[in-house]
There are 2 protein chains.
Amino acid sequence: MRASDTAYAALRDDILHGEFPPGAAFAEVEQAQRLNLSRTPIREAFARLAAEGLLVALSGRGYVVSELSRQTIVELFELRQVLEMQIASLVASRRDPAVFVALRDEFSAALESLQHPNGHDAYYELVARLDAAMDDAVQSRFLLAAIRQLRPHLARARRLAKDNPERLLASAREHLMIVDGIVDGDPELAAHATSIHLKRSLKHILAAVDQAAPTAAADSANLAR
Amino acid sequence: MRASDTAYAALRDDILHGEFPPGAAFAEVEQAQRLNLSRTPIREAFARLAAEGLLVALSGRGYVVSELSRQTIVELFELRQVLEMQIASLVASRRDPAVFVALRDEFSAALESLQHPNGHDAYYELVARLDAAMDDAVQSRFLLAAIRQLRPHLARARRLAKDNPERLLASAREHLMIVDGIVDGDPELAAHATSIHLKRSLKHILAAVDQAAPTAAADSANLAR
DNA sequence: CTGCTCTTTTCTGTATACAGAACTCGGGTG
DNA sequence: CACCCGAGTTCTGTATACAGAAAAGAGCAG
């Protein structure tokens, strides 16, 4: 593995795990010393993270971790919505049925196992495998690249909303609808089920964000009227 | 301007203008000498171009200009379709009417001026201004970033199909429908008009590609049955 | 004549030195 | 007391040196 990859992975994980909160500043020499590398691979890692949008460049004065405001999350989902609908739609027409029949069974089983609170990690892992199976089946490189670029930001957004059992159960039911559409080879069903899932997911995240920041909650309530 | 920006812009333009055809190899030292720079900014430019997908890295052995096959163009539009529909939809609900009323008038006028073959460049410039106005109005950073990343590839695809007057006239009418939807504040109309425009645009490009490569043309004809 | 292996060459990946730009902080001035 | 100017410091941006890996080519063996 190249040193620049190491640096990229380390910095990315640190940002995603919240070690460096939004607004935290990064300097090249500082990180080079921390990770025991020279500035060259650090520079490359910074450039990649900035291209992804996790860092923003302070023209000539280093980088800071990008903000993840309520508005940013809304914009994130304005893109995610159409990407995942298109992916679901294409996967429904291009999938290998066997793969998704198996996944459907697993999601069915998850409806039960989510009763136990320690089944949560297994559920996250199941969702990750569904994503991977869809990535495999979609056969559309640009679409794949676009959703891949979004995922780190989604991971950060997810961290803001601590999932509760009810939400996870609802999420499992929504995923089941998506997989059903894929198994049936029904692009519209898959896309619409995805739309529903993401609208609810966004609502859940925004509710958590608004609870943390009362002012924004009031704004949101006004907008909803 | 930084040297790495210079290198990036120069290499990008050379690729987009077809100076380096798909498959052409790039070495760091070679380009550093050609552009009179050291390897460091060249490296940075290569990394950016590879992230965009214009170059592909040959793990440890330089870069080559990426291919732009028929299949790649189809995949390009599988993403472009949903991005531009979403953008049109959001713009229709967020636009400043005055800006787009003015653009509508210009597209109306273009229907006339496109009769003269030397009005072509002016038309391309008008389309570019519509894009810019929509970029301005969409107010959705991730969506904007996604379409921006696609544009170099679209420029390459467009080069494959030499536009004829009939296609440009049809394109102007299609754009007029999109702008109408935006002016009317009708997201659905704007999105559907965009969908129509892009489907026809893809068809036009693929026809040109297939004419250049007869085998692919036969394949396409078979698929169409 | 073909295929394998070893040598040579050339390239990337990394470290580091150097220069110039931007910020900071202190002193002076209005 | 506030503001401005300038020296100093610290950072990025660029050039370059060096090491290691991969490919190309020559030579030898089958």
Side-chain angles (χ1 to χ4, degrees), chain A residues 1-16 19-67 141 145 148-149 152, chain B residues 1-16 19-67 141 145 148-149 152:
Chain A
M1 162 125 44
R2 296 183 309 183
S4 63
D5 292 338
T6 311
Y8 168 76
L11 291 168
R12 184 176 172 282
D13 286 355
D14 286 346
I15 295 169
L16 258 43
E19 315 276 339
F20 298 92
F26 280 91
E28 291 181 3
V29 280
E30 167 199 24
Q31 294 304 315
Q33 282 166 8
R34 188 174 75 97
L35 299 173
N36 249 313
L37 294 167
S38 80
R39 282 178 53 213
T40 307
I42 299 287
R43 265 186 87 72
E44 207 166 309
F46 279 5
R48 284 169 71 180
L49 291 166
E52 283 184 18
L54 286 179
L55 294 182
V56 292
L58 297 180
S59 172
R61 211 64 193 178
Y63 296 81
V64 295
V65 179
S66 61
E67 299 292 334
R141 279 162 293 175
R148 289 241 169 92
Q149 196 147 76
Chain B
M1 163 123 43
R2 296 183 309 183
S4 63
D5 292 337
T6 311
Y8 168 76
L11 292 169
R12 184 175 171 281
D13 287 354
D14 285 346
I15 295 169
L16 258 44
E19 315 276 339
F20 297 92
F26 280 92
E28 291 181 1
V29 281
E30 167 199 26
Q31 293 304 316
Q33 283 167 7
R34 187 173 75 97
L35 299 173
N36 249 312
L37 295 167
S38 82
R39 281 178 54 214
T40 306
I42 298 288
R43 267 186 85 72
E44 207 166 309
F46 280 5
R48 285 169 69 181
L49 291 165
E52 284 184 16
L54 286 178
L55 294 181
V56 294
L58 297 180
S59 171
R61 211 64 191 178
Y63 296 81
V64 295
V65 178
S66 62
E67 300 291 335
R141 278 162 293 176
R148 287 242 169 90
Q149 197 147 75

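Order of the sequence lines fixes the chain letters, A, B, ..., with proteins taken first and strands second; residue numbering starts at 1 for each chain.
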Sequence neighbours left out, what passes side-chain hydrogen bond (donor to acceptor under 3.5 Å, both in side chains) with [X]? Give chain and number order.
| X | result |
| --- | --- |
| B/Ser66 | B/Arg156 |
| A/Ser4 | none |
| A/Arg148 | none |
| B/Glu28 | B/Arg39, B/Arg43 |

> When A/Tyr63 is tested against each of A/Phe26, A/Phe46, A/Phe20 for ring pair (Phe, Tyr, Trp, His ring centres under 6.0 Å), which residue passes?
Replying inline: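 One option only clears the test, and that one is A/Phe46.
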>> Among residues 37-46 of chain B, which ones have heavy-atom contacts with DNA chain C below 4.0 Å?
In response: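 Residues of residues 37-46 of chain B that come under 4.0 Å of DNA chain C are, in numerical order, B/Arg39, B/Arg43.
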> What residue pairs, at least two apart or across chains, pass salt bridge (Lys or Arg N to Asp or Glu O under 4.0 Å) with a residue in residues 47-57 of chain A?
Replying inline: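 Residue pairs passing salt bridge (Lys or Arg N to Asp or Glu O under 4.0 Å), neighbours aside: A/Asp5-A/Arg48.
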Just how far, in rounded Å, is [atom2] of [N] from [atom1] of [X]?
| X | N | atom1 | atom2 | result |
| --- | --- | --- | --- | --- |
| A/Gln33 | C/dA15 | CD | P | 13 Å |
| B/Phe26 | C/dT12 | CZ | C1' | 16 Å |
| B/Glu30 | C/dT10 | CD | P | 14 Å |
| A/Met1 | C/dT14 | CE | P | 11 Å |
| A/Leu58 | D/dC11 | CG | P | 13 Å |
| A/Leu35 | C/dA15 | CG | C1' | 15 Å |
| A/Arg2 | C/dT14 | CZ | P | 6 Å |
| A/Glu28 | D/dT14 | CD | C1' | 11 Å |

> Given D/dT14, is OP1 or OP2 found less than 4.0 Å from the side-chain N or O atoms of B/Ser4?
Replying inline: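 Yes, because at least one side-chain N or O of B/Ser4 sits under 4.0 Å from OP1 or OP2 of D/dT14.
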Using the 3.5 Å cut-off, write out each protein N or O paired with an N or O of nucleotides 19-25 of chain D and the distance between them.
none

> Which residues pass the side chain to side chain contact (heavy atoms under 4.5 Å, CB included) test with A/Gln33, sequence neighbours left out?
Replying inline: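 None.
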> Quick one: ring pair (Phe, Tyr, Trp, His ring centres under 6.0 Å) partners of B/Tyr8, sequence neighbours excluded?
Replying inline: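 Applying ring pair (Phe, Tyr, Trp, His ring centres under 6.0 Å) to B/Tyr8 gives none.
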> When you measure from the side chain of B/Val29, which nucleotide among D/dC11, C/dT12, D/dG13 comes out closest?
Replying inline: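 Shortest atom-to-atom distance from the side chain points to C/dT12.
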> What distance do B/Leu11 atom CG and B/Leu16 atom CG have between them, rounded to the nearest 0.5 Å?
Replying inline: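 Rounded to the nearest 0.5 Å, the CG-CG separation comes out at 11.5 Å.
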